[in-house]
Undergrad: 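I'd like to ask some things about the structure below.
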Amino acid sequence: MTKRPASAHLTRRTVLAGAAALGATPFLSRASKAAAWPDRPVKFVVPFAAGGTTDILGRLVAQKLSEDYGQQFIVENKPGAGGNIAADFVAKAEPDGYTFIVGTPGTHAINKYVQKNMPYDPIKDIQPVTIIARVPNLMSVNPEVPAKTVAEFIALAKSKPGQLFYGTPGLGSTAHLATELFKSMTGIDIVHVPYKGSAPALTDLVAGRVHVMIDNLPAVLPFAENNNVRALAISTAERWPLLPNIPSIGETVKGYDAAAWFTVAAPAKVSKDVVMKLNASIIKYIKSPDGIDRIRKLGGEPIGNTPEEMQAFVIAETEKWGKVAEFAKIKPE
């Protein structure tokens with residue numbers, strides 16, 4: 001039998017080793033990229049104007065990440081279309097790990113039911129990182145309204161069908177759907193009056209032009225503390241830890257739970273390694289004493305979950321609000 005020259009064996013081994021190395025290159029490349037990330041500024045896109053809860057939470061997290069990584073995490077406000085302008089921008093951004101959205105129920109779960117031409121798919125085009133915090137709504141009434149509890153308000157509304165008005169920051173807002181959820185679960189008939197923001201709606205609640213609101217806690221609480229409105233309940237299943245003396249709507253209306261939530265999410269094709277690295281950094285901060293304290297002062301409760309947990313939550317919320325939109329006969333505009 002003719003023996004192959006030793007050089008032939010060496011050549012074959014060299015070729016095989018080279019092929020194996022080439023096959024491993026993408027994995028090594030991804031791992032090294034994740035390890036090096038971020039090596040330039042990162043953009044956090046906020047879908048609303050500066051100064052709101054979304055913007056404040058986004059800046060809080062971005063500031064801490066800038067300190068931790070030694071790279072700037074820049075907040076860029078892109079308001080418009082209920083958050084869709086910002087969400088679409090992020091969904092179509094280069095999936096290199098340098099553009100993220102600070103998302104809300106609108107961008108992830110509600111807008112598809114209230115806006116006709118959705119330019120992106122919230123589930124397919126946006127990848128979860130984590131939920132930063134939940135912020136409940138506060139159900140409050142004008143002081144002249146005789147109801148002092150949720151049960152009394154339900155009884156009052158049932159005695160005056162179609163005669164009581166509720167204000168919201170706008171059609172399709174979390175406040176709008178939270179109130180429609182309340183209507184669907186209690187069988188009351190109260191009339192929607194949409195405004196362009198919480199401020200004008202609260203002004204009319206104080207003046208008595210509308211009778212009730214279920215709106216974002218940070219916006220309403222100062223009015224309740226000054227006795228401009230009467231707080232009836234927090235819009236969650238159980239009492240809010242920060243306001244233990246205020247009952248929850250869920251204590252009277254079993255199963256009721258409606259709170260705003262704020263996330264960090266990425267374009268769908270961003271590396272999982274980068275997503276998990278960012279996830280760990282955000283959770284580390286929002287679960288720290290400083291993070292907990294600062295988020296609670298905003299009226300929120302830190303969450304910090306896995307991407308898989310966030311995705312399951314978003315899907316469940318999408319289904320819930322879809323049923324509410326159907327009940328309210330909301331037509332996409």
Side-chain angles (χ1 to χ4, degrees), residues 47-48 52-58 60-61 82-83 102-111 113-114 122 128 130-140 150 166 168-170 172-186 198 201-202 212-221 224 231-265 286 291-292 294-305 309-325 328:
F48 303 104
T53 306
T54 316
D55 179 72
I56 293 168
L57 285 171
L60 181 67
V61 172
V102 183
T104 66
T107 57
H108 289 298
I110 292 174
N111 286 357
Y113 301 115
V114 299
T130 193
I131 297 176
I132 303 170
R134 288 183 81 216
V135 177
N137 296 311
L138 183 64
M139 181 178 183
S140 55
V150 172
Y166 76 91
T168 72
S173 63
T174 54
H176 178 201
L177 293 187
T179 313
E180 288 296 333
L181 177 63
F182 183 78
K183 287 173 60 179
S184 73
M185 296 179 73
T186 59
S198 290
L202 282 164
V212 63
M213 283 184 67
I214 303 178
D215 196 15
N216 195 267
L217 175 64
V220 184
L221 191 57
L232 297 187
I234 291 287
S235 70
T236 45
E238 298 174 352
R239 296 197 180 202
W240 200 243
L242 310 181
L243 298 167
N245 295 326
I246 298 180
S248 72
I249 293 177
E251 290 175 35
T252 302
V253 184
K254 301 303 178 187
Y256 184 94
D257 190 11
W261 34 272
F262 303 87
T263 76
V264 174
I286 65 178
I292 292 170
R294 296 185 71 176
I295 290 172
R296 284 183 171 173
K297 282 179 178 175
L298 293 171
E301 188 65 17
I303 301 297
N305 51 7
E309 288 168 339
M310 175 179 155
Q311 186 79 319
F313 177 80
V314 167
I315 290 170
E317 287 283 286
T318 301
E319 291 173 356
K320 177 173 83 174
W321 295 123
K323 291 175 183 176
V324 175

Undergrad: Rounded to the nearest 0.5 Å, what separation is found between the CH2 atom of Trp240 and the CD1 atom of Ile246?
TA: 12.5 Å
Undergrad: Less than 4.5 Å apart, any side-chain heavy atom of Ile214 and any of Tyr166?
TA: no
Undergrad: Out of curiosity, Leu57 CG to Thr263 OG1, how far, rounded to the nearest 0.5 Å?
TA: 10.5 Å
Undergrad: Looking only at heavy atoms, which two atoms of Thr168 and Ser173 are closest? And how far apart?
TA: CB-OG, 3.9 Å
Undergrad: Distance check, rounded to the nearest 0.5 Å: Leu221 atom CG versus Ser140 atom OG?
TA: 10.0 Å
Undergrad: Quick one, Leu298 and Val135 - any side-chain contact, counting heavy atoms below 4.5 Å?
TA: no
Undergrad: Over 60° means perpendicular and under 30° means parallel, so classify the ring planes of His108 and Trp261, tilted if in between.
TA: parallel
Undergrad: Do you know which two heavy atoms are closest between Gly172 and Val114, and how far apart they sit?
TA: CA-CG1, 3.6 Å
Undergrad: Going by heavy atoms in the side chains, are Thr54 and Pro47 under 4.5 Å from each other?
TA: yes
Undergrad: To the nearest 0.5 Å, what is the distance between CD1 on Ile292 and NZ on Lys297?
TA: 13.0 Å
Undergrad: Output the distance between atom CG (Leu217) and atom CD1 (Ile234), rounded to the nearest 0.5 Å.
TA: 5.0 Å
Undergrad: Carefully, step by step, assess Ile249 and Asn137 under the rule side-chain contact (heavy atoms from CB on, under 4.5 Å).
TA: CA-CA 10 Å; Ile249 293 177; Asn137 296 311; over 6 Å; no
Undergrad: Can you see which heavy atom on Ile131 is nearest to which on Ile286, and at what distance?
TA: O-CD1, 4.1 Å
Undergrad: Between Pro241 and Glu301, which heavy-atom pair has the shortest distance, and what is it?
TA: CG-OE1, 4.3 Å
Undergrad: Quick check: do Phe48 and Thr104 have side-chain heavy atoms less than 4.5 Å from each other?
TA: yes
Undergrad: If you round to the nearest 0.5 Å, how far is CD of Glu319 from CD of Glu317?
TA: 10.5 Å
Undergrad: I'd like to know if the side chain of Asn111 reaches the main chain of Gly82, judged simply by a donor and an acceptor atom lying under 3.5 Å from each other, with no hydrogens or angles considered.
TA: yes
Undergrad: Which pair of non-hydrogen atoms, one from Ala178 and one from Ala258, has the smallest distance, and what is that distance?
TA: CB-CB, 3.9 Å
Undergrad: Between Thr130 and Asn305, is a side chain to side chain donor-acceptor pair (under 3.5 Å) present by the stated rule, with each step listed?
TA: CA-CA 5 Å; Thr130 193; Asn305 51 7; 3.2 Å; yes
Undergrad: Are any non-hydrogen side-chain atoms of Val324 and Tyr113 less than 4.5 angstrom apart?
TA: no
Undergrad: Report yes if the side chains of Tyr256 and Leu181 come closer than 4.5 Å at any heavy-atom pair, otherwise no.
TA: yes
Undergrad: Do Thr186 and Thr252 touch side chain to side chain, with heavy atoms closer than 4.5 Å?
TA: no
Undergrad: So which atom in Arg239 and which in Pro244 form the shortest heavy-atom distance, rounded to 0.1 Å?
TA: NH1-O, 2.9 Å
